[in-house]
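Being a predicted model, the structure only gives us computed values, none of them experimental. Quick note on labels: first sequence line is chain A, next is B, and so on, each numbered from 1.
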Amino acid sequence: MKNKIILVLVAVLIVLGGYIALRMYNKPHVNVAESDPDLVLFSQTLLEDFESDEISANTKYLEQIIQVTGKIQKLGTANGNGTITLNNGDSMGGIICHLSEKENKKMVSLREGQEIMVKGICTGYLMDVILINCVLVN
Amino acid sequence: MKTLKLTLLLVLFVGIAQGQEKFITKQGHISFFSHSPVEDIEADNNQVLSIVDISNGEIAVSLLIQSFIFEKSLMQEHFNENYMESHKYPKAIFRGKIQELGDLTEDNKTVNIEGELTIRGISKPIETTAEIKKMDDGIALKGSFLVEVKDYKIKIPSIVANNIAKTIKVSFELIHQPYN
């Protein structure tokens, strides 16, 4: 009888452990649309931070959900998804926002020169600051 | 450090950014594939920066490690935090030269590319073939090459050693537009 109880307990533990492991293994990607931004700022501030000191900007911004406000310099597409380049001034670089698939249909309502608010994950700086999985805010 | 960065930028961009022979993309596609008996792992990066100069064949490609997207977010997390240490080494850079480029047509031409690939701050010579062709108003470069995990001192814990291949296949597709 006692052995049976232990056996059942062990079985329950194994199933539970397996379930938790599976849940961890299948952990979903961060949902940018439903997450609060870690940082809120103007596109120009973000760009200037990277242009002046890339290493400290990396520490500050990498992997963070960032909400930027800026002027649309260019609209485009990359691999079927929309891209928005934000640039207020006449700096060489800009902020390139790669939209998430769900946001693509909103591209038609955007115009160059318009000021918008975008939220996305910062992956770093090449010639421009890159934000991915972006969504438009309001 | 600042001087080094500036020099790098100069070599990478300004040096090859004059004239009409330069082509650029900021949204190139690079993916990698790891095959093992346990599982196949694949990740895509659609934010690759590449500049090619068809007058001398020089090419410079750079990408952000964190821009690689995996199907499983847990894999992406391990890739960035444990294997690539992307906070410490946010970029991978390739600098090289297309050998005997010659004239380009709208048909694919196979060329050899030789250069140096820097991952995690470690630079290794690399040689590969690629298909290059002229498009309406651009230059398309496509191909793949193999990378040895141990060349870049990437530490993979023995517990997952069987899940990750020792040799990773990297594929690239870079559609360049004229640089202005």
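Nearest heavy-atom pair across A/Met24 and B/Leu74 is O-CD2, 3.6 Å. In terms of heavy-atom proximity, B/Ser86 sits nearest to A/Leu62 at O-CD2, 3.8 Å. Between A/Gly124 and B/Leu64, the closest heavy-atom pair is C-CD1, 3.5 Å.
Between B/Lys26 and A/Ile96, the closest side-chain pair of non-hydrogen atoms falls below 4.5 Å. Put simply, the side chain of A/His29 reaches to within 4.5 Å of the side chain of B/Gln76, judged on heavy atoms.
A distance of 5.5 Å separates CD1 of B/Ile69 from CG of A/Asn133, quoted to the nearest 0.5 Å. The CG atom of A/Asp128 sits 8.0 Å away from atom CG of B/Leu49, with the distance rounded to the nearest 0.5 Å. The CD1 atom of A/Ile55 sits 14.0 Å away from atom NE2 of B/His87, with the distance rounded to the nearest 0.5 Å.
A/Leu41 and A/Phe50 fall within a single hydrophobic cluster, where Ile, Leu, Val, Met, Phe, Trp and Tyr are joined by side-chain heavy atoms under 4.5 Å apart, directly or via other members. A continuous path of ILVMFWY side-chain contacts below 4.5 Å connects B/Phe145 to B/Met84, so both sit in one hydrophobic cluster. A/Ile65 and A/Phe42 fall into different hydrophobic clusters, where Ile, Leu, Val, Met, Phe, Trp and Tyr are joined by side-chain heavy atoms under 4.5 Å apart, directly or via other members. Grouping the Ile, Leu, Val, Met, Phe, Trp and Tyr side chains by contacts below 4.5 angstrom, directly or via other members, places A/Ile130 with A/Met92. One hydrophobic cluster holds both A/Leu39 and A/Leu131 under the rule that ILVMFWY side chains link at heavy-atom gaps under 4.5 Å.
The residue among B/His29, B/Lys91, B/Met75, B/Gln66 with the most heavy atom pairs within less than 4.5 Å of chain A is B/Gln66.
No more than 12 heavy atoms of other residues, nucleotides or ligands shown are found within 6.0 angstrom of NZ on B/Lys142. Around atom CD1 of B/Ile159, no more than 12 heavy atoms belonging to other residues, nucleotides or ligands sit under 6.0 Å away. In this structure, B/Asp103 places its CG atom where only 12 or fewer heavy-atom neighbours from other residues, nucleotides or ligands lie under 6.0 Å away.
At a 4.5 Å heavy-atom cutoff, B/Thr25 makes no contact with chain A through either its backbone or its side chain. Of the two parts of B/Glu71, only the backbone, made up of N, CA, C and O, holds a non-hydrogen atom closer than 4.5 Å to a non-hydrogen atom of chain A. For A/His98, the part sitting under 4.5 Å from any heavy atom of chain B is the side chain, from C-beta outward, and nothing else. For A/Ile132, the part sitting under 4.5 Å from any heavy atom of chain B is the side chain, from C-beta outward, and nothing else. In this structure, no portion of A/Ile121 lies under 4.5 Å from any heavy atom of chain B.
Within residues 70-83 of chain A, the residues that have a heavy atom under 4.5 Å from a heavy atom of chain B are A/Thr77, A/Ala78, A/Asn79, A/Thr83, listed by number. Residues of residues 122-139 of chain B lying under 4.5 angstrom from chain A, judged on non-hydrogen atoms, do not exist. Taking 4.5 Å as the heavy-atom cut-off, none of the residues of residues 101-118 of chain A approach chain B.
Using modelled atom types, one side-chain atom of B/Ser73 and one backbone atom of A/Lys27 make a donor-acceptor pair closer than 3.5 Å.
Residues satisfying the ring-ring contact (aromatic ring centres under 6.0 Å, His included) test with B/Phe32, not counting sequence neighbours, are B/Phe68, B/Phe70, B/Phe79.
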